[in-house]
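Convention: sequence-line order gives letters A, B, ...; per-chain numbering from 1.
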2 protein chains.
Amino acid sequence: MSGMTIKDIARRCKVGVSTVSRAMNNHPDINPETKEMILREIKKANYVPNNSAQNLKRADAKAIAVLVKGIDNTFFSELVSVLEKCAHEKKYTCILQRVDEMEDELDVALQLVREKKLRGIIFLGGSFSHPKEKLAELSVPYVLSTIYVDAEKQGNCASVAVDDEKESCKMTEYLLDLGHRDIAILTARREDESIGKLRLLGYQQALSRHGIPFDESLVCYMDEKTDRYSFRSGYRLTRQLLERGRKFTALYATSDTLAIGACKALTEAGIRVPEDCSVAGFDGMDIGEYYNPGITTIRQPVEKIAEASARLLFDMIKKKNKPGHEIFEGELLVRSSTGEKR
Amino acid sequence: MSGMTIKDIARRCKVGVSTVSRAMNNHPDINPETKEMILREIKKANYVPNNSAQNLKRADAKAIAVLVKGIDNTFFSELVSVLEKCAHEKKYTCILQRVDEMEDELDVALQLVREKKLRGIIFLGGSFSHPKEKLAELSVPYVLSTIYVDAEKQGNCASVAVDDEKESCKMTEYLLDLGHRDIAILTARREDESIGKLRLLGYQQALSRHGIPFDESLVCYMDEKTDRYSFRSGYRLTRQLLERGRKFTALYATSDTLAIGACKALTEAGIRVPEDCSVAGFDGMDIGEYYNPGITTIRQPVEKIAEASARLLFDMIKKKNKPGHEIFEGELLVRSSTGEKR
DNA sequence: AACGTTTTCGGTAACGGTTCCGGAACTGTT
DNA sequence: AACAGTTCCGGAACCGTTACCGAAAACGTT
């Protein structure tokens, strides 16, 4: 029986509809006994309130959306999974929305909020820089997850991520400590503070600390149109790098996927990892542990990041908290893809 | 301005609300000119109809759900991604719902349908065997994707998958052709026709065709509670297998993730892949191509499977088509993790 | 017993759309 | 000019729920 409504329950229990409503939403003004009775009957009749009607009345759907750019990235799917779980625990519906690389995530968000009346949004991945006026149109709280954001610049949003610049610097220094001087890097080119840009900044910072001049010929940028953080791109970029002829003894790939693609390209070119060239990644995906060789990387605490994102968002929704910014520590995981320079 | 309703638009246009509604849902009974005018005004005012109100009235939400067991599996995230895209194209909302390993996916589906009034469901992964009476409660069409289903047994549903048994047989025969006789297998134990069971059946079939007796001591079953198709499980199971002392020259891991975990366990134990032991996977995930060694596998046409799933579902929703069953061919991808027995 | 207070409940108006129904305005026919 | 037929539109009922308001019932107080 699918066409069951609150009225049917009311009739069965011989009470008014409002009493049934009160029983379900544990309102105070109800006799515990009638409440028990109604709840029993509801369970027996297998009745579930119509979500659309609730949302309509509430003027506010008990839902959040997760917008993700490039869902094919494995790193995100774990994040999404945890996020969905968190929402579920709070009895929220979680709407997952892919955003094409070329689409404007803010437009998608705006549309979604108006259409579905949801209460909050979590943006995952990509860069995020939008004019303040347009941002102001977004009437619900949102958190930028895995997207670093200058607290000054973007006013009214929460964020959670690792400090990509710092962690990237940490990784580069580790490579430098191994004796490497010619360290190539695979990264994304973006004007604004995208992850790629930040990781490049950290790399440069480590270099300058050690008095090593930054050399553009060691940098290989992803093509914004065709590349993403995929094995394939790592492979492609590394081959491209190799063709330049510029020597390097370490390759910092700025993601585990890129690193794995890089390893394949290097191996094929007869360059042994790590004997001839060290390779480092970023993210700390499972595969890095099982790859051969194991990928040295910076582990991002995915679960913590996801939980914090959800927590921050729900705090803003409920308690109208001021948006917080949480930065987690990454962890340098040394495995066998890196070694001393020889 | 978020609190915009159809009435506001009607007022602005100096028409009735029903006319606005007609303009939006391209009904016939409307003057093209007024329709244009209203549509222009809607765009100008940035108005988006309230989804909940529409759904409430329609008694039927323009939405489908994708239920997936174990979203952490990379193989599924690509499927989900395509599925979401297909739904989006049809202007459908796609609700992604994780189902815990211990939860009953049918219960979740039933709840979801009642609550959200959605029009169809796609089940992904896991096994699927439910009593007919309970299945009958599910009032919307659904398709079982990546779950083989005996057309006789499950009546009223569509399905799309590769023929796991046949493909598995194909892989086993390939290993046999390489000269292997002692072929270990990692698989899931399930009473009903789950993927694990089917792949084991295919393995047995190939064996018997070649007159080789089936040997239980070469089979290593996943633990239903702790294992899933993950690197870790592949690693764990292989170590377990190794401890038995039963010799084998090939290991068929029934998934690429398991295969990669297996490679690591073997390598650590001083067993070279493929020189001392061949390893084969299943699924055709990207990582298999980039892993070292490249994983020999059966490639499932993920995109086709996803598209067919969506197509079948929408056909059933719209045209009340009788449920179809599509079986795709897998493709044997020979890479370097397998070699002749020596 | 009369009164205020509290507890518990039912009736009903929204929420924002869609759709049915009837009517006005226009067209063409006799 | 009278009429039927067509085109286009507005009014209003309705979808299932929540929340407000007022009332009945139960209780305590004097």
(request) Five pairs at each end of the helix from C/dA1-D/dT30 to C/dT30-D/dA1: take the axis at both ends and give me the angle between them to 10°. (result) 50°
(request) Check B/V68, B/L83, B/L124 against B/L96 for a side-chain contact (heavy atoms from CB on, under 4.5 Å) and give me the one that passes. (result) B/V68
(message) If I take atom CZ in residue A/R11 and atom P in nucleotide C/dC9, what distance separates them, rounded to the nearest angstrom?
(response) 19 Å
(request) Describe, in one word, how the ring planes of B/F123 and B/F128 are oriented to each other, choosing from parallel (under 30°), tilted (30 to 60°) and perpendicular (over 60°). (result) tilted
(message) When you measure only distances, ignoring hydrogens and angles, does the side chain of B/S21 come within 3.5 Å of the base of C/dG17 through a donor and an acceptor?
(response) no
(request) Might you point out which heavy atoms bring A/A23 and A/K35 nearest each other, and give the distance in Å? (result) O-CE, 3.8 Å
(request) Indicate, yes or no, whether a donor-acceptor pair under 3.5 Å links the base of D/dT18 to the side chain of A/K57. (result) yes
(message) Taking the side chain as everything from C-beta on, heavy atoms only, tell me whether A/V160 gets closer than 4.5 Å to A/R311.
(response) no
(request) Take A/V20 and A/E41 through the test side-chain contact (heavy atoms from CB on, under 4.5 Å) and record every step on the way to the result. (result) CA-CA 10 Å; A/V20 179; A/E41 189 65 28; over 6 Å; no
(request) Report the C-alpha separation of A/D107 and A/Q111 in whole Å, then their side-chain angles, then the decisive distance to 0.1 Å, and conclude whether the side-chain contact (heavy atoms from CB on, under 4.5 Å) test is met. (result) CA-CA 6 Å; A/D107 282 338; A/Q111 160 91 12; over 6 Å; no
(request) Mind calculating the distance between CD1 (A/I42) and P (D/dG16) to the nearest angstrom? (result) 16 Å
(request) Take the protein atom CD1 of A/I38 and the nucleotide atom P of D/dT17, then report the distance between them rounded to whole Å. (result) 14 Å
(message) If I take atom NZ from residue A/K90 and atom NZ from residue A/K62, how far apart are they, to the nearest 0.5 angstrom?
(response) 10.0 Å
(request) Output yes when at least one side-chain N/O atom of A/T19 is less than 4.0 Å from OP1 or OP2 of C/dG10, else no. (result) yes
(message) Ring centres under 6.0 Å, that's the criterion: do B/Y229 and B/F75 meet it?
(response) no
(message) For DNA chain C, which residues of residues 49-56 of chain A approach it to below 4.0 angstrom with any heavy atom?
(response) A/L56
(request) Determine: side-chain N/O of B/Y47 to OP1/OP2 of C/dG17, distance under 4.0 Å, yes or no. (result) yes
(request) Hey, could you give me the OG1/NZ distance between A/T146 and A/K69, rounded to the nearest 0.5 Å? (result) 14.5 Å
(request) For A/V17, answer base if it contacts any base atom (sugar-phosphate contacts may also be present), sugar-phosphate if it contacts only those atoms, and nothing otherwise; contact means non-hydrogen atoms under 4.0 Å. (result) base
(message) I need the residues from residues 24-37 of chain B with at least one non-hydrogen atom less than 4.0 Å from DNA chain C; give them sorted by number, or say none.
(response) B/M24, B/N25, B/H27
(message) Expressed as a whole number of angstroms, how long is the span from B/K7:NZ to C/dG17:P?
(response) 8 Å
(request) Report yes if the side chains of B/R22 and B/I38 come closer than 4.5 Å at any heavy-atom pair, otherwise no. (result) no
(message) Please compare A/R22 and B/K14 by the position of their nearest nucleotide in DNA chain D and report the one closer to 5'.
(response) B/K14
(message) I'd like to know whether A/K117 forms a side-chain contact (heavy atoms from CB on, under 4.5 Å) with B/N51, so could you lay out the CA-CA distance, the side-chain angles of the two residues, the decisive distance to 0.1 Å, and finally the verdict.
(response) CA-CA 8 Å; A/K117 306 288 178 201; B/N51 209 237; over 6 Å; no
